[in-house]
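In what follows, a single structure is set out as structure tokens and then discussed.
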2 protein chains.
Amino acid sequence: MELDVKKTAIIFKAFCDENRIKILQLLSGGEKCACKLLKEMNITQPTLSHHMKILCDSGIVEGRKEGKWMHYSISKEGTEYARKCFDILTDTGCAIENQSCCE
Amino acid sequence: MELDVKKTAIIFKAFCDENRIKILQLLSGGEKCACKLLKEMNITQPTLSHHMKILCDSGIVEGRKEGKWMHYSISKEGTEYARKCFDILTDTGCAIENQSCCE
DNA sequence: ATAACATATTGACATTTTTCTATTTGTTGC
DNA sequence: GCAACAAATAGAAAAATGTCAATATGTTAT
């Protein structure tokens, strides 16, 4: 796979803010409604909405609207794609090539 | 494993900037000297130094000093730890629990 | 239609991050 | 010691991000 640098940066923005990490923890294990997330987080409603947008833009989280409620969950597709990006970026290479020199 | 939220945010900062992603791409497949990275990136030397610090702080990259040169490479230990954090945060849970309700 | 509620958007402000130039530190070879 | 080079640090400016209060939008029940 060819890595899309811009897209990759957007994906991993999901994981580089403490509040978003807490939200992902709350979502791990199952779907949750925004109002429930709000109760468990120490932030205002617009701030939660802002973070949920970043999480959805990353593809890691997906939203499902049901009446006036928004239900969020971890996206399997999104996380699979993110994992591929992670794998590409953390390839440690083969040992024989693992030497650089600046003679 | 219990997730360290602060540490996790620091780890994934490595992946959420376009220049750092390019650096990781350059490092994938083997160790490289800072001066080589500098030639291939379109940034100044202090900016590269700044990004290398963030990458090393994340644990994803490790540096090795040899004379006046710094050699950087992807850290196997660091990436293994990061992968564990990623796995925890992208657990989609079991299907039976995957429903939330706000009655 | 209107009231009540859940969520999104707007706009402002503070903080953090990115980037640069200039300088400093550390290393090598003369 | 001194010149040359590699990398780190300091400090400043610009850009991006996180946060909130206020407001708007959309949905449900009366």
Side-chain angles (χ1 to χ4, degrees), chain A residues 5-27 31-58 60-73 99-103, chain B residues 5-27 31-58 60-73 99-103:
Chain A
V5 173
K6 270 187 197 177
K7 202 170 168 182
T8 305
I10 290 168
I11 289 168
F12 287 99
K13 283 213 167 64
F15 304 94
C16 68
D17 174 88
E18 288 189 35
N19 280 325
R20 287 196 289 272
I21 291 169
K22 283 178 198 158
I23 292 167
L24 289 173
Q25 281 185 302
L26 291 172
L27 292 180
E31 189 183 65
K32 273 202 176 163
C33 172
C35 56
K36 262 190 189 160
L37 292 173
L38 185 59
K39 275 171 204 153
E40 305 196 54
M41 298 288 301
N42 222 7
I43 52 177
T44 62
Q45 181 270 318
T47 300
L48 177 66
S49 197
H50 163 76
H51 286 304
M52 296 322 292
K53 178 157 175 41
I54 290 169
L55 286 168
C56 288
D57 286 350
S58 77
I60 299 295
V61 168
E62 59 194 349
R64 180 174 66 84
K65 191 167 188 178
E66 194 182 299
K68 48 183 174 174
W69 293 287
M70 271 305 286
H71 300 267
Y72 291 105
S73 58
Q99 302 238 48
S100 61
C101 64
C102 282
E103 79 294 337
Chain B
V5 174
K6 270 184 196 177
K7 203 170 167 182
T8 305
I10 290 168
I11 289 168
F12 287 99
K13 283 212 166 64
F15 303 94
C16 69
D17 173 88
E18 288 189 35
N19 279 324
R20 288 195 288 274
I21 292 169
K22 283 177 199 158
I23 293 166
L24 290 173
Q25 282 185 301
L26 291 172
L27 292 180
E31 190 182 64
K32 274 202 176 163
C33 171
C35 56
K36 260 189 192 164
L37 293 172
L38 186 58
K39 275 172 205 154
E40 305 196 54
M41 299 288 301
N42 222 7
I43 53 178
T44 62
Q45 181 270 318
T47 300
L48 177 66
S49 197
H50 162 77
H51 286 304
M52 295 323 292
K53 178 157 174 41
I54 290 169
L55 286 168
C56 289
D57 286 350
S58 77
I60 298 296
V61 168
E62 58 193 350
R64 179 174 66 85
K65 191 167 187 179
E66 195 182 298
K68 48 182 173 174
W69 294 287
M70 272 305 285
H71 299 267
Y72 292 104
S73 58
Q99 303 237 48
S100 60
C101 65
C102 281
E103 79 293 337

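The basis for the numbers below is simple: all heavy atoms, side chains too, and nothing from hydrogens, waters or symmetry mates. Because the structure is a prediction, the values reported are computed rather than measured. In what follows, chains carry the letters A, B, and so on, assigned in the order in which the sequence lines appear, proteins first and then strands, with residues in each chain numbered from 1.
With a 4.5 Å cut-off on side-chain heavy atoms, B:P46 and B:H50 do not count as touching. The side-chain heavy atoms of B:F12 and A:I21, taken from C-beta on, include no pair separated by under 4.5 Å. Side-chain atoms of B:L48 and B:N19, non-hydrogen and from C-beta on, never get closer than 4.5 Å to each other. In this structure the side chain of B:M52 never reaches within 4.5 angstrom of the side chain of B:M70, judged on heavy atoms. When side chains are defined from C-beta on, A:K13 does not count as touching A:D57, because their heavy atoms never get closer than 4.5 Å. Considering only heavy atoms from C-beta on, B:Q25 comes within 4.5 Å of A:V5 through its side chain.
Taking each heavy atom of A:G63 and A:Y72 in turn, the nearest pair found is CA-CD2, 3.7 Å. Minimum interatomic distance between B:S58 and B:I10 (heavy atoms only, all atoms of both residues): CB-O, 3.6 Å.
Checked against C:dG26, D:dC20, C:dA6, the side chain of A:P46 finds its nearest nucleotide in D:dC20. The side chain of A:K65 approaches D:dG26 more closely than any other nucleotide in the set D:dA7, D:dG26, C:dT7. The listed nucleotides are C:dT19, C:dT7, D:dA7; the one nearest the side chain of A:A34 is C:dT7. Minimum atom distance to the side chain of B:Y72 is reached by D:dA7, of the listed D:dG26, D:dA7, D:dT9.
Straight-line distance from the NZ atom of B:K68 to the C1' atom of D:dC5: 4 Å, rounded to whole Å. Straight-line distance from the CG atom of B:L48 to the C1' atom of D:dA6: 11 Å, rounded to whole Å. Between the C1' atom of C:dT7 and the NE2 atom of A:H71 lies a distance of 12 Å, rounded to the nearest Å. C:dT19 atom P lies 14 Å from atom CE of B:M52, rounded to whole Å. Here D:dT19 presents its C1' atom at 15 Å from CD of A:E18, a figure rounded to the nearest Å. In this structure, the CG atom of A:L55 is 10 Å from the P atom of D:dG18, given to the nearest Å. With rounding to whole Å, A:L37 atom CG is found 13 Å from C:dA6 atom C1'. Taking atom CG of A:N19 as the reference point, atom P of C:dT16 lies 13 Å away to the nearest angstrom.
A donor and an acceptor atom never sit less than 3.5 Å apart when one is taken from the side chain of B:Q45 and the other from the base of D:dA6.
Toward the 5' end of DNA chain D, the nearer of the two residues A:G67 and A:I43, judged by each one's closest nucleotide, is A:I43. DNA chain D is contacted by both A:N42 and B:M70; B:M70 maps to the nucleotide lying nearer its 5′ end (nearest heavy atom per residue).
Here A:T47 reaches the OP1 or OP2 of D:dC20: one of its side-chain N or O atoms lies under 4.0 Å away. At D:dA8, one or more side-chain N or O atoms of B:S49 fall inside 4.0 Å of OP1 or OP2 (strictly under the cut-off). Residue B:T44 places no side-chain N or O under 4.0 Å from the OP1 or OP2 atom of C:dT19.
Atoms CG and OG1, on B:L38 and B:T47 in that order, are 9.5 Å from each other to the nearest 0.5 Å. Between the NE2 atom in A:H51 and the CZ atom in A:R20 there is a gap of 6.0 Å [rounded to 0.5 Å].
A heavy atom lying under 4.0 Å from DNA chain C marks none of the residues of residues 7-17 of chain A.
A:H50 comes within 4.0 angstrom of a base, heavy atoms only. When heavy atoms are screened at a 4.0 angstrom cut-off, B:I54 is found touching the sugar-phosphate backbone but no base atom. Residue contacts shown for A:L38 are absent, as no nucleic acid heavy atom lies under 4.0 Å away.
Only one option out of A:L55, A:D17, A:I54 pairs with A:I23 in a side-chain contact (heavy atoms from CB on, under 4.5 Å); it is A:L55.
The C1' atoms of five pairs define one axis at each end of the helix from C:dA1-D:dT30 to C:dC30-D:dG1, and these two axes lie 30° apart (to 10°).
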